[in-house]
Amino acid sequence: MVSLMLVIPLIGALFIALCRSEERAKWIALFTTGLVLVLSVLLLFQFDVSKSSSFQFIDYGHWLPSLSIKYKVGVDGLSLIMVLMTALLTFIAVPSAWNYIDRRKRLFYALLLLLETAMLGVFVSLDLLLFYIFWEAMLIPMSLIIGIWGGERRIYSALKFFIYTFAGSIFLLVGMVVLVVFYTSLTGNFTFDLQQLLNLKLPLELQKWLFWAFFIAFAVKVPLFPFHTWLPDAHVEAPTPGSVILAGVLLKMGIYGFLRFSLPLFPDAYKLYAPVIFALGVIAIVYTALIALVQEDVKKIVAYSSVSHMGFVMIGLFSLTVQGIEGAIFQMLSHGLVSGALFFVVGIIYERLHTREVGKMGGLASLAPKLATLGMLFTMANVGLPGTSSFIGEFLTILGGYKASHLVGVLMALGVIFGAAYMLYMYRNVFFLEPKVLSFKDLDRRELLSLGLLALLVIWWGFNPEFIMKFIHGYTHRLLGGV
Amino acid sequence: MELNLSLFTPELFLACAGILLILIDLIIPSREKNGLFALITFGITSVAIVLTAVYSPFSPQEAFNGFIKKDFLSGLSQLLVLFTLLLTVLVSYDYLERFKTNYVGEYYYTLIFASLGAMLMIEANELATLFVSLEVMSISIYVLMALFKRDYRGKEAALKYFILGSVGAATLAYGFALLYGITGSTLYPEVAKALSSNLSAAAFLGIALVLSGFLFKVGAVPFHGWAPDAYHGAPTPVSLFMGAVVKVAAFVALLKLFFPVLLPFFERWGEVALIFGLVSALFGALAALGQENLKRMLAYSSISHAGVILSALATLPALAVYSVFFYLFAYTFMTIAAFGIISLLTVKGFKGENLSDWRGLYSKSPSLALLSVVIFMALAGIPPLLGFWAKFYVLVALVKTGKVLPALIVMVASLISLGFYLKPLVYAFMKEGKEERVIPGFSAYAAVLISSLVLIFLGLFPEVVSQASLLSLASFLKGVM
Amino acid sequence: MNGLFFYLFGFLAVALGLAAVLQRNVIKGGVALLGSFVSLGAVYFTSGAEFIGIVQVMVYGGAIIVLYLFALMTMDLEKMKEEPLRLGFVSAGGFLAGVLFLLIVYGAMSLEGAPSLTVSGAKELASPLFYRFLLPFEVVSVLLLVATIGAVAVGRREE
Amino acid sequence: MSITGYVILSALLFSVGLFGLIVRRNVISLFFSLELLLNSANVLFVGFSKLYGNYYGELFVFFVLAVAAAEAAVGLAIVVALYRLKGSVNTEDYSSLRW
Amino acid sequence: MGMTFWIAVLPLLSFLIAGLGVFFGIDSLKRRSHYFGLLAVGLSLFLSVELLFEVMKGKVISESWFTWLVSGGLSASFGGYVDSLTAVMLVVVNFVSFFVHLYSVGYMAEDPSYDRFFAYLGLFTFSMLVLVLSPNFLQLFFGWEAVGLSSYLLIGFWFKRKRAADAAIKAFIMNRVGDFLFILGVAAVFWLFGSLEFGEVFAKASKASAGALSLIGLLLLGGAVGKSAQFPLHTWLADAMEGPTPISALIHAATMVAAGVFMVARCWPIYDGSYILPIVGVIGVITAFGAATIGLTQFDIKRVLAYSTLSQLGYMFAALGAGAYVFAMFHLFTHAFFKALLFLGSGSVIHAMSGEQDIRRMGGLFKYMKITGTTFIIGTLALVGIPPLAGFFSKDKIIFSTYANGHFVWWFFLTLGALLTALYMGRLVFLVFFGRERFGERERKHLHESPAVMTVPLIVLSIPSIFAGFLEGWFTEFLKKSVPNHLHHTSHSLEITLAAVTVSLALLGLFVAALFYYWNKISPEVITENPFIRPLYTLVYNKYYFDELYYYLFVRGVGFGLGKLSSLFDRFVIDGIVNGLAFITRGLGEAVRLTQTGVVNAYALYFALGLILVIAIIWLV
């Protein structure tokens with residue numbers, strides 16, 4: 001079933017390549033992503049929650065026996081929700097591209113589908129190298145999406161995104177190989193199989209080195225201060241669907257990497273270096289929030305807010321408390337929904353006004369009440385208001401951070417204030433005040449449906465986080481049992 | 001005298017076919033020869049491929065009094081050479097249609113002789129044979145480079161390559177002389193036997209000179225001077241041919257000489273290979289960054305790739321053979337595809353060679369633009385393309401022998417090289433150019449398509465190449481034992 | 001006696017070689033080169049490698065140098081500008097060549113022994129050449145074929 | 001008459017050839033240097049051939065001579081062709097391909 | 001899902017129905033949106049009263065609605081916990097909310113966003129009820145933030161006005177500053193007690209160290225200070241008056257701002273065991289006195305009332321600080337009625353004056369609006385603390401408790417505050433309802449008594465404003481079931497003496513106010529223009545410059561200044577390093593490239609160099 005999900009987008013892309021009509025492409029894309037979404041929901045229901053800490057639906061095949069690299073995919077609770085989110089956001093990305101992408105549509109949707117496969121692959125791989133391959137393979141379609149359909153400085157941003165991420169992942173690859181070679185030297189068994197590698201207890205000295213090697217790759221993707229500067233550029237220049245995916249899924253790949261690899265593999269180094277991460281995380285939260293305060297570009301505000309939120313996630317992860325880690329997972333999920341939705345909203349505005357400058361907007365609430373209402377909802381969610389899914393994550397991560405160190409907790413919580421400040425000022429400038437434009441079309445049905453879906457999820461998971469959390473309790477339990 | 005001629009069938013066939021082609025060239029009137037000759041050459045090559053496949057024994061066998069030794073490694077490498085020839089012919093047909101030369105016949109049979117030289121080089125088991133066949137290959141390539149009408153660049157490139165190539169050949173000869181001086185023989189097994197007990201300064205000197213000769217052939221820094229100019233100036237199909245064939249031949253010859261024969265000195269020359277490899281990897285990547293001309297860029301990139309392969313030599317012998325062959329395999333197809341696509345886009349006035357010509361390629365020809373993604377990403381080593389696996393095997397080999405820092409340097413080089421591999425894609429997809437459709441020549445397009453598909457499919461199923469490498473390693477080791 | 005001739009001709013070969021390399025006038029240089037090669041031939045003779053000595057003189061004196069002279073004749077020698085010697089290149093080249101010379105000599109010094117001066121003429125060489133060394137010999141024929149055709153194709157005046 | 005003499009002679013020729021290659025700009029002079037380089041190897045071969053008493057070295061010299069001849073032919077053809085196009089044999093004039 | 005669930009959810013349903021109507025632009029719902037609100041809140045009120053009776057029977061109701069959050073040892077659910085404290089709050093909230101709903105039918109009648117208003121009202125009521133009902137800290141925080149959101153939405157109701165939009169943000173962010181501490185408090189509670197349930201936490205609180213409790217108490221207090229607009233987070237409340245007046249009545253006078261007081265009372269075990277009660281009291285006293293002084297100088301009718309609210313909340317905090325939790329709650333209880341009354345009354349005035357809020361442009365309105373005037377005066381007297389109105393009883397108790405518990409300085413300032421209260425309220429009443437008519441012809445023509453739908457709530461609210469004080473005995477006993485009331489010295493005579501002092505001061509205040517503004521015996525300018533008082537007046541008039549201080553310190557300084565600085569740092573240093581690396585690499589590439597000169601001699605040179613290197617390395621390795 002998992003493999004099927006990986007293959008379906010590829011088939012969809014093939015169909016798009018074969019079909020001659022530019023218009024039909026988006027329907028194919030919609031159908032394909034929809035199908036994947038349905039499959040992922042099915043997966044959700046067939047998943048055995050009582051065994052959420054172990055991998056299920058494993059598909060297994062020898063791929064490169066000479067290096068004993070396997071095609072091995074499967075999901076545990078953590079992967080499952082990542083898959084769900086990926087499927088969901090890709091599905092949302094299609095309608096967000098509907099009008100926005102007005103040329104080379106076939107290429108666009110084909111790339112989007114390829115991207116989906118790569119992203120899903122990252123979350124379901126149980127083989128280190130398979131993971132790495134998906135991790136890298138994702139770069140090409142994403143960079144092309146930014147570079148072809150992006151804004152003014154799209155080429156710079158696309159290249160920056162590509163090279164920056166690649167720069168991180170070279171350390172990852174070397175680290176992986178070192179890890180595997182070390183494993184071989186101990187057990188005589190050369191394998192990239194994650195499940196086998198997890199049994200390994202590494203000496204601290206090696207853990208330290210490998211931790212940093214993995215860290216750089218993941219931290220760039222997260223992105224953690226000071227590796228974050230690619231993100232505002234990429235976000236601002238990317239077309240709306242690109243931003244949605246970028247914020248919603250790609251940033252999570254880094255976090256996922258920490259959860260799936262760094263934490264279980266290098267627990268001692270993890271503990272050792274937690275203070276460093278705390279420092280970086282706190283800086284990320286406060287510093288980027290401050291930057292967001294003075295941005296003129298709506299997308300930049302949301303982008304910097306992403307960095308800020310990722311600071312919460314990182315601190316949660318490294319707090320090594322159940323609450324912190326579960327909060328971090330939930331936060332990234334929620335951030336996927338919320339920032340995806342916010343980028344969608346910004347994209348809708350840009351599509352109609354052809355500007356993203358805060359100063360040129362205003363009063364949209366009176367012209368487009370539906371957009372304003374949903375915008376308010378997502379703004380509040382981004383601020384972390386209880387009742388929205390973000391709150392759960394934010395609260396739990398603060399809980400974790402506070403446990404780790406009171407100072408960290410205090411500084412994190414400070415981010416709550418700044419978050420409110422920049423989001424509300426943005427909202428005010430965009431939606432409140434006297435309108436600066438004469439007319440503005442409110443949401444059409446397609447936009448309403450996709451944003452509405454996200455809104456419902458944000459609220460639903462805000463009140464019933466257990467729906468998601470039950471899938472990760474097992475993971476966290478096993479993880480902290482090992483640490 | 002033990003000739004064992006049947007083993008020599010493919011080479012013999014190729015030589016005879018080449019000579020036959022010379023005769024045909026004399027008979028046929030000069031007009032409209034291109035199609036016919038391309039076809040014949042294509043046929044000859046196909047037959048040669050079959051013959052080579054047939055006459056590649058798994059357990060190594062010698063012929064000509066032990067002057068050549070065939071095993072799986074050499075057989076597969078020869079196949080690589082012949083495949084390159086096959087695809088070069090396809091690309092050349094298209095190229096010759098557009099850039100006329102008076103010497104169509106000469107062009108094709110010189111290609112054949114160059115391939116013959118490469119094949120002989122690969123299976124040589126004796127120093128003189130190696131030297132002479134290397135010269136066959138080199139001189140054919142000098143000729144090919146200079147063959148086109150009013151093509152000043154090609155001739156300048158040929159001159160530079162010629163001068164430096166001769167220096168390289170002389171160095172190699174000097175090194176051979178020293179080896180002979182130490183051992184009293186030029187046959188590999190005898191040299192090996194005599195050398196194993198002789199770790200003298202003279203031996204080191206001889207090895208150093210031979211190694212320098214090979215370093216020159218593969219274009220490692222600082223022996224690289226010729227490479228950028230030669231690749232840049234040569235007619236594109238010739239760049240393609242020499243880019244792939246010279247590297248394969250030189251590296252396989254290097255393996256066959258250095259591993260069995262010079263193994264006692266492994267630690268020393270391995271270290272040299274590692275140092276020069278890493279420097280080359282970085283140098284090539286850095287120098288390519290600023291290139292506007294794609295061929296020149298690829299030339300520097302080939303220096304970088306050669307550096308990576310060299311660094312793999314410094315690992316354990318088994319690992320080295322294995323990963324070097326894998327890399328050569330991938331590199332061959334990447335080179336064919338990359339130069340092929342440039343050749344395809346090269347119409348009068350050297351369009352397609354410069355980055356700015358790639359502006360808006362996607363609107364001109366979507367399929368070519370998409371192929372270029374495959375090609376350049378494979379060169380950059382982005383998974384799941386074949387180029388990634390090549391790099392990966394080198395990486396594993398390095399780490400397995402505890403050379404983590406060199407592994408990291410190799411990766412840094414590939415990071416830097418990303419800076420230029422992305423450029424043509426940027427131009428092709430993200431910049432707008434004049435809308436005029438490009439109609440690629442069929443044969444060249446086929447060549448590019450085939451090699452790109454190889455990059456994709458073998459990237460998805462690298463086990464095929466991996467098994468091939470393993471088998472050739474096994475066969476090779478069998479010959480050494 | 002042989003030793004004396006060896007050193008004499010050896011010295012001549014090097015000196016004339018240096019002259020050939022450094023001579024601004026290529027015609028004179030060619031002649032010096034010819035002298036150098038003939039001296040080398042003589043060196044081979046003193047070593048007993050008579051066949052090689054003869055071939056050396058024949059190939060170089062009879063073929064290669066003539067080839068050079070013919071080639072030079074197609075060019076306008078007057079137009080060949082006096083090239084300036086670049087000081088950087090001269091000093092660097094001198095230094096490198098010197099270092100290299102020392103390295104080679106130092107390295108090869110470990111080789112010892114005195115060559116026997118048995119005479120080897122065509123008769124002695126023929127049999128190994130045509131039996132054991134058949135393959136390289138045949139390859140050389142291909143080489144010469146390629147070179148000939150190539151030289152013609154490249155060197156011919158284009159219409 | 002020890003082998004050292006051959007070594008020194010060949011090393012000298014090699015160095016002189018290399019020196020010429022670095023210093024001279026005239027392509028024809030460069031060719032002269034190349035010939036010297038090739039011949040330096042020959043000297044060694046002859047010396048060693050006599051040292052070991054087998055003919056391999058001398059045969060190698062024979063091949064090197066053939067190679068030298070072939071190279072000279074092709075090289076000169078290229079120079080002649082270039083001279084026709086450019087009217088010069090100075091290497092500095094043949095530097096359109098660079099950087 | 002018991003009664004408590006429906007109490008909370010009914011208003012939510014009203015919000016949802018009205019809200020969906022707004023969202024989808026259903027016109028048929030638009031004019032009917034108040035039906036749902038009234039019905040829902042009415043029902044909720046009914047249920048609350050029923051619940052109150054239940055609780056009076058001595059029951060404590062605890063219901064769990066559904067599990068919210070489970071993570072490790074943390075488990076929190078939504079539920080309703082009703083003891084006497086909650087029961088009273090429920091009734092108050094629903095009561096005021098109901099009448100504000102009713103009042104708004106008239107007040108907002110002409111507003112185009114009529115339905116949106118009622119939706120927000122529903123949301124607010126729901127949030128407040130959830131807050132009050134919460135059985136654990138997390139739900140408390142939920143309600144806490146949700147009322148903040150509603151408050152933000154309602155303050156910014158007329159979002160086209162820049163001042164409203166800014167005020168809304170200000171309110172939200174100031175509240176957030178408090179919440180930032182509050183959530184840390186919650187975290188501290190969790191890590192100290194391993195639970196967030198009130199029951200468990202309070203049971204363990206007695207065993208916890210005073211230091212830890214102080215820390216928690218302080219953090220939680222931060223939230224209370226923000227929500228209840230206590231010094232130093234008080235500045236948002238005055239600006240919040242940009243919202244529609246019924247909102248000021250409901251949120252910014254009667255209910256939401258009292259949440260801080262409620263929270264502290266609810267968490268009494270923590271505060272009782274800690275060192276920080278005095279801090280609570282001092283904050284209260286400073287606010288009570290400071291806000292009263294500011295109230296004296298303001299000219300906007302609603303702002304005067306807002307500062308009065310601040311001041312009264314200060315009293316409640318002072319009571320809390322003195323340990324008289326019940327008295328604080330009692331004042332909260334009575335204050336809710338009369339302050340709602342006052343605000344609604346002022347709304348009626350503003351309505352009549354077509355939106356004019358400056359009391360300098362009013363005067364003599366009493367003869368035009370008898371009902372409004374009468375009820376407003378009742379509210380004023382209650383607030384000032386004239387016996388036997390409600391305010392007298394509650395405020396007096398607070399002042400007494402501070403004295404009784406030994407906080408004489410507090411007592412002094414609170415008593416003085418009573419004088420000031422009388423002064424500014426008297427000033428307000430006289431300026432608005434009596435004296436010269438200072439408005440123009442146009443306004444006069446428009447002047448009218450408000451419709452019944454507005455006056456009825458006024459009348460209804462004035463009843464408890466008059467009589468609620470008599471409930472004191474019952475209220476104290478009832479609340480003592482859940483909250484203690486510490487009084488160290490209880491002497492009846494002392495109480496009467498203090499009450500006499502306070503009342504006489506209040507009367508004095510009213511008299512002085514009358515001197516200034518009714519009889520016009522003394523011109524206020526005599527005082528304000530006095531060179532000695534003038535600077536002081538300016539200081540007070542400008543609210544002690546807190547707005548300016550915060551603006552320059554936080555908005556310009558931290559926000560804009562640091563933000564710009566960080567932004568530049570990000571662009572030029574961090575990104576500069578990244579781009580610099582790329583630049584260096586490219587430069588290196590150029591440098592390396594230049595070695596490829598195109599002259600073949602150079603390549604030969606490199607070749608020679610390479611040869612030497614290879615030989616050297618192979619020897620040296």
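This structure is a prediction, so every number in the text was calculated from the model and none was measured.
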Can you check side chain to side chain contact (heavy atoms under 4.5 Å, CB included) on Y131(C) and N65(B), steps first, answer last?
CA-CA 9 Å; Y131(C) 286 94; N65(B) 312 317; 5.7 Å; no

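- Note that CG of L143(C) is 12.0 Å distant from CE of M137(B), once rounded to the nearest 0.5 Å.
- Here F67(B) contributes atom CZ and R132(C) contributes atom CZ; the two are 5.5 Å apart, rounded to the nearest 0.5 Å.
- The closest side-chain heavy-atom distance from I149(C) to Y109(B) is below 4.5 Å.
- When the candidates A108(C), A151(C), G107(C), A147(C) are compared by the number of heavy-atom contacts under 4.5 Å with chain B, G107(C) comes out ahead.
- Of the inter-residue distances, the one linking S200(B) atom OG with E112(C) atom CD reads 10.0 Å to the nearest 0.5 angstrom.
- Annotation: side chain of V136(B) is not in contact with side chain of V140(C) (no heavy-atom distance under 4.5 Å).
- Using a 4.5 Å cut-off between heavy atoms, F133(C) touches chain B through backbone and side chain atoms alike.
- Top candidate by heavy-atom pairs under 4.5 Å with chain C, chosen from L116(B), T129(B), L187(B), L120(B), is T129(B).
- Comparing V143(B), T110(B), T186(B), L144(B) by heavy-atom pairs within less than 4.5 Å of chain C, the highest count is held by V143(B).
- Among L178(B), I139(B), L209(B), the residue with the largest count of heavy-atom pairs under 4.5 Å with chain C is I139(B).
- For the atom pair CD1 of I182(B) and OG of S110(C), the computed distance is 6.5 Å after rounding to the nearest 0.5 Å.
- Taking chain C as the reference chain and counting heavy-atom pairs below 4.5 Å, the highest number among S133(B), A208(B), A114(B), A202(B) is found for A202(B).
- Residue L103(C) holds its CG atom at 7.5 Å from CG of L205(B), rounded to the nearest 0.5 Å.
- Going from atom CG of L144(C) over to atom CD of E135(B) covers 11.0 Å, rounded to the nearest 0.5 Å.
- V146(C) and S140(B) make their closest contact through CG1-OG, 3.6 Å (heavy atoms, listed as atom of the first residue, atom of the second, distance).
- Highest contact tally toward chain C, considering only F204(B), Y174(B), F131(B), is held by Y174(B) [criterion: heavy-atom pairs under 4.5 Å].
- Taking every heavy atom of both residues into account, V132(B) and P136(C) meet most closely at CG1-O, 3.9 Å.
- At a 4.5 Å heavy-atom cutoff, the contact between I104(C) and chain B is made by backbone and side-chain atoms alike.
- For E11(B), no part lies under 4.5 angstrom from a heavy atom of chain C.
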Is there a side chain to side chain contact (heavy atoms under 4.5 Å, CB included) between V154(C) and Y142(B)? Walk through the geometry before answering.
CA-CA 10 Å; V154(C) 172; Y142(B) 306 148; over 6 Å; no

